2 protein chains.
Amino acid sequence: MTTLYGYFRSSAAYRVRIVLNLKGLDYEQAPVNLVKGEQRDAAFRGQNPQGLVPMLVTDHGVRLTQSLAICEYLDERHPEPALLPADLEGRARVRALAQLVACEIHPLNNLRVLKHLTGELGLDEAAKLAWYRHWIHEGFTALEAMLNRETGSGDFCHGDSPTLADVCLVPQVYNAERFECNLEAYPRIRRIVANARALEAFRHAAPEAQPDAG
Amino acid sequence: MTTLYGYFRSSAAYRVRIVLNLKGLDYEQAPVNLVKGEQRDAAFRGQNPQGLVPMLVTDHGVRLTQSLAICEYLDERHPEPALLPADLEGRARVRALAQLVACEIHPLNNLRVLKHLTGELGLDEAAKLAWYRHWIHEGFTALEAMLNRETGSGDFCHGDSPTLADVCLVPQVYNAERFECNLEAYPRIRRIVANARALEAFRHAAPEAQPDAG
């Protein structure tokens with residue numbers, strides 16, 4: 001059985017849940033409570049020295065880390081439905097949109113960074129929120145422009161079915177909503193996310209639908 | 001002709017230069033001076049709304065962004081020498097090692113974030129350096145453990161020839177050295193980087209070898 005070590009609110013674990021659902025794969029969940037710091041416990045670090053979720057233990061017993069690497073593994077092992085288009089330029093575009101979220105927005109706004117800002121750097125809640133919203137605004141402004149300008153966009157980030165880009169975008173928008181970011185300026189992003197949320201694979205992957213949801 | 005929009009000290013552009021060299025591809029460089037803020041100019045933003053380097057314009061005239069997406073595009077278009085192993089678990093491992101650098105270390109330590117810390121947040125130089133070194137230490141501690149524990153490691157991050165993981169690691173180590181991080185605790189990382197630096201493809205991609213080096 002495939003096991004996903006994750007946390008209901010982790011955007012990165014949320015990405016993997018969406019892919020597991022899109023591929024129609026059975027899996028069990030092993031919740032790691034990030035707020036309680038369980039990801040830093042020796043038991044978990046012994047398995048994943050990064051101390052991060054998600055970690056996927058495959059049905060072959062292999063431990064995989066880093067959400068995008070896990071998503072691409074699942075896509076290569078279970079090719080249908082495809083998370084990447086067939087043409088090389090299309091694949092590069094989808095990966096770039098995914099990485100705009102995964103390398104430019106999410107790393108600056110995840111829990112360990114926000115904790116570092118309010119802990120070591122002594123920022124107050126208002127300054128932390130301003131930081132969070134700044135990187136959402138920077139990233140979503142770029143993403144909205146790319147989605148509007150580039151010919152590949154459709155009902156989803158690329159074409160009319162979900163790809164790796166939507167798999168990253170939906171959890172990031174969920175997170176932005178949780179931090180009460182104003183998303184008025186991003187109608188294309190909101191329309192795509194609404195289309196994705198209409199699909200069962202995305203709905204069942206949502207934080208509030210997870211067994212460890214508080 | 002393939003054109004790389006980059007900056008000699010950009011770690012992300014450095015990754016793409018290594019791959020272009022490993023693949024033996026000719027390309028021309030279009031320097032974008034990040035310190036002068038040229039990446040935010042309307043002329044560049046018109047081509048890449050992210051306002052980030054690298055951007056690769058292919059010989060077909062297609063604009064590609066996000067360094068890992070560009071590297072995988074080049075690997076798919078020019079399969080030899082391969083940047084990813086053939087087996088699915090090995091591919092996932094290499095991508096995870098690459099993303100540990102590209103999603104957990106680099107995004108927190110790049111120029112725009114450091115400028116935000118000293119600008120908007122008013123941090124002094126010492127606090128900025130402490131921030132930089134904190135994320136290097138977090139990331140390299142995890143990476144060193146993975147390289148030592150996991151059976152895939154060899155003279156390089158995965159096996160005995162360079163992969164996408166080394167393509168990300170070498171620029172990150174260059175950057176850490178520039179910020180005078182103490183790397184004593186990471187002998188495995190240092191050994192791998194020394195092996196990579198012995199190769200012409202890596203040497204010719206180094207910041208000091210670029211036409212826009214100051």
Side-chain angles (χ1 to χ4, degrees), chain A residues 12 45-46 48-52 56 58 60 62-74 76-77 88-89 91-100 102-108 110 112-113 116-117 120-121 123 127 130-131 134-135 138-139 141-150, chain B residues 12 45-46 48-52 56 58 60 62-74 76-77 88-89 91-100 102-108 110 112-113 116-117 120-121 123 127 130-131 134-135 138-139 141-150:
Chain A
R45 283 241 195 224
N48 177 11
Q50 297 165 75
L52 299 171
L56 189 83
T58 71
H60 301 162
V62 178
R63 290 192 292 261
L64 306 179
T65 63
Q66 287 293 332
S67 63
L68 291 188
I70 295 170
C71 292
E72 291 234 19
Y73 166 86
L74 291 170
E76 291 180 349
R77 179 128 180 248
L88 298 192
E89 285 82 5
R91 297 167 71 80
R93 176 171 188 259
V94 168
R95 285 189 176 119
L97 294 171
Q99 289 164 21
L100 172 49
C103 300
E104 310 297 342
I105 304 175
H106 178 67
L108 294 160
N110 68 15
R112 69 183 182 132
V113 173
H116 188 84
L117 290 171
E120 277 78 350
L121 296 190
L123 262 60
W131 165 279
H134 172 77
W135 300 114
E138 284 276 309
T141 299
L143 187 60
E144 183 81 7
M146 292 168 76
L147 292 170
N148 281 329
R149 278 188 213 173
E150 296 173 1
Chain B
R45 284 241 195 222
N48 178 11
Q50 295 164 77
L52 299 171
L56 189 84
T58 72
H60 300 161
V62 179
R63 291 192 291 262
L64 305 180
T65 62
Q66 288 292 330
S67 63
L68 291 188
I70 295 170
C71 293
E72 292 232 19
Y73 166 85
L74 292 170
E76 292 180 348
R77 179 129 179 246
L88 297 192
E89 285 83 6
R91 297 167 71 81
R93 178 172 186 258
V94 168
R95 286 190 175 119
L97 294 172
Q99 290 164 20
L100 173 49
C103 300
E104 310 297 342
I105 303 176
H106 177 68
L108 294 160
N110 68 15
R112 69 182 181 132
V113 173
H116 189 83
L117 290 171
E120 277 79 350
L121 296 190
L123 262 59
W131 165 279
H134 172 77
W135 300 113
E138 285 275 308
T141 299
L143 187 60
E144 182 80 7
M146 290 169 76
L147 292 170
N148 281 329
R149 278 189 214 174
E150 296 174 2

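Per chain, numbering begins at 1; letters A, B, ... match sequence-line order. What you see is a predicted model; the values in this text were computed from it and never measured.
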K.L.:
Heavy-atom cut-off 4.5 Å, strictly under: side chain, backbone, both or neither for B:Leu68 against chain A?
P.N.:
both
K.L.:
Which bit of A:Leu97 comes within less than 4.5 Å of chain B, counting heavy atoms only: side chain, backbone, both or neither?
P.N.:
neither
K.L.:
Under 4.5 Å, counting heavy-atom pairs only, tell me which of B:Asn110, B:Thr141, B:Leu100 racks up the most with chain A.
P.N.:
B:Leu100
K.L.:
What part of A:Arg77 gets within 4.5 angstrom of chain B, counting heavy atoms only: side chain, backbone, both, or neither?
P.N.:
both
K.L.:
Counting only heavy atoms closer than 4.5 Å, note whether A:Leu52 contacts chain B via side chain, backbone, both or neither.
P.N.:
side chain
K.L.:
What part of A:His106 gets closer than 4.5 Å to chain B, counting heavy atoms only: side chain, backbone, both or neither?
P.N.:
neither
K.L.:
Most heavy-atom pairs under 4.5 angstrom with chain B, which of A:Pro49, A:Ala142, A:Cys103, A:Ala145?
P.N.:
A:Pro49
K.L.:
With a 4.5 angstrom heavy-atom cut-off, which part of A:Val113 approaches chain B: side chain, backbone, both or neither?
P.N.:
both
K.L.:
What part of A:Leu123 gets closer than 4.5 Å to chain B, counting heavy atoms only: side chain, backbone, both or neither?
P.N.:
side chain
K.L.:
Given that the side chain runs from C-beta out, which part of A:Ala127 has a heavy atom under 4.5 Å from chain B: side chain, backbone, both or neither?
P.N.:
neither
K.L.:
Which region of A:Glu144, side chain (C-beta onward) or backbone (N, CA, C, O), has a non-hydrogen atom less than 4.5 Å from a non-hydrogen atom of chain B, or is it both or neither?
P.N.:
neither
K.L.:
Are any of the side-chain nitrogens in A:Arg63 or B:Glu150 under 4.0 Å away from the carboxylate oxygens of its partner?
P.N.:
no
K.L.:
Counting only non-hydrogen atoms closer than 4.5 Å, does A:Leu108 touch chain B with its backbone (N, CA, C, O), its side chain (CB onward), both, or neither?
P.N.:
both
